[in-house]
Every structure is written in structure tokens, then in C-alpha cells.
Chemist: 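This is the structure, below, for whatever I ask next.
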Amino acid sequence: MRRLAGRQLLGRPHAFAAVAVAGVLALTGCGGSDSDGSGSGPDGEADLSVGSAYMPQPVSDMAAGFLVISNKGGTADRLTSVSSDAADRVTVHETVDGAMQEVDALGIPAHGSLVLESGGNHLMFEQLTRKPKQGQKVSVELRFAHSDPVTVEIPVKPATYTPKHGH
Ligand code: CU
């Protein structure tokens with residue numbers, strides 16, 4: 001279920017080099033890369049839309065959010081930051097080998113999609129300003145490296161909710 005995209009951010013194994021630079025390479029995979037693979041090609045700009053969004057009703061002072069960002073355009077983009085009316089701080093996390101970690105950005109490929117799903121990439125709502133309840137909606141603004149911001153109203157689902165996957 002875990003997508004492999006995150007792995008591409010990790011440094012390739014440099015067994016000997018890593019020793020030489022005091023082993024810091026292992027932690028440099030969290031999105032510090034500047035290569036976003038984008039650039040305005042002849043195929044036009046990124047054309048983003050957001051679907052399948054939901055938030056499981058939080059059971060603590062943090063909440064997770066899931067959604068799919070589709071890109072019909074011919075240029076890649078990146079999800080760079082998120083804010084919400086329900087939390088003072090929203091971060092973007094990826095999950096690698098079962099452990100989640102904050103990343104600076106997640107890529108949205110041209111003619112492809114960025115999937116945030118349970119067990120994988122997700123939004124992390126920290127410092128909740130209110131406790132979202134099942135049936136309510138949470139407003140979220142997604143900001144990108146190139147495209148205009150997109151605001152989505154994310155429905156709050158039961159804490160145990162898992163979407164039916166079409167694949
Ligand atoms: Cu997380």
C-alpha cells in the first residue's frame with residue numbers, strides 16, 4: 001500500500017561516502033531536495049484538482065487528513081504548505097518503513113496524482129483550535145510551488161473510517 005515515490009527522495013546508498021561525512025546522509029531525505037522536476041514545458045501549466053478528501057474524527061489533540069491531488073496539466077507541481085481553520089499548524093508527512101516524518105513538500109507529477117492515504121502520505125493537523133466532529137467540515141488551504149492556492153472543505157468521518165478503494 002505504501003507508495004514508492006517517497007523512496008526516491010532518499011539518498012542512494014553511499015556506504016563509504018556516508019562514513020566519510022559522519023553519517024548525516026540518512027536524514028537528508030525529508031524533502032530538502034530542490035529538484036522538483038517541473039518547469040514550464042510546451043505542454044502548459046499544472047492543472048490541479050482535489051478529491052477524495054476526509055479527516056478521521058480525531059481522538060487526540062492531533063488530526064490526520066487525506067486527499068488526492070490530481071494534475072491534468074503537463075507540468076509537475078509541488079504541495080508546499082497547508083493551513084486550516086481547525087489547527088494552528090498543518091504539516092505534510094510521508095510514511096517511510098512505517099514511521100512518519102515531516103517533509104518540506106510532496107511532488108505532484110504531470111498527468112498524474114499525489115495520493116495522501118491512510119498508511120502513507122498525509123496531512124497532520126497539530127495544535128487543533130477546535131475538536132472536529134463527525135459530520136462537520138474543516139476548511140483547508142493547500143499551497144503549491146507554482147499553482148494558485150486551492151481551498152477544500154474536508155468532511156470529518158468516523159475515527160475508524162477507511163475509504164473504499166477503486167483500485
Ligand atoms: Cu503524521
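The shown structure was predicted, so the numbers you read here are calculated from the model rather than taken from an experiment. Values reported hereafter were calculated over all heavy atoms of this structure, with side chains retained and with hydrogens, waters and symmetry mates removed. Counting starts at 1 for both ligands and their atoms, in listed order.
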Chemist: Do the rings of Tyr54 and Phe66 sit parallel, tilted or perpendicular, given the 30° and 60° boundaries?
Modeler: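 Tilted, since the angle between the ring planes falls between 30° and 60°.
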
Chemist: I'd like the atom name of the N/O/S atom in His93 lying closest to the Cu ion (ligand 1).
Modeler: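 Nearest N/O/S atom: ND1.
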
Chemist: Has Met100 got an N, O or S atom lying less than 2.8 Å from the Cu ion (ligand 1)?
Modeler: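 Yes.
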
Chemist: Regarding Lys137 and Glu153, does a basic nitrogen lie under 4.0 Å from an acidic carboxylate oxygen?
Modeler: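 A salt bridge is absent here (no side-chain N lies under 4.0 Å from a carboxylate O).
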
Chemist: Can you tell me if, anywhere in Thr91, an N/O/S atom lies at a distance from the Cu ion (ligand 1) that is smaller than 2.8 Å?
Modeler: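 Here the distance criterion (N, O or S atom, under 2.8 Å) is not met by Thr91, so no.
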
Chemist: What is the SD(Met124)-the Cu ion (ligand 1)-NE2(His122) angle, to the nearest 10 degrees?
Modeler: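 Centred on the Cu ion (ligand 1), the SD/NE2 angle is 100° (to 10°).
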
Chemist: Taking the side chain as every heavy atom from C-beta outward, state whether Ser139 and Ser84 have any atom pair closer than 4.5 Å.
Modeler: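 Contact flag for Ser139/Ser84 side chains = no.
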
Chemist: Within this structure, what is the CZ-CG distance for the pair Arg89 and Leu128, rounded to the nearest 0.5 Å?
Modeler: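 CG of Leu128 is found 12.5 Å from CZ of Arg89.
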
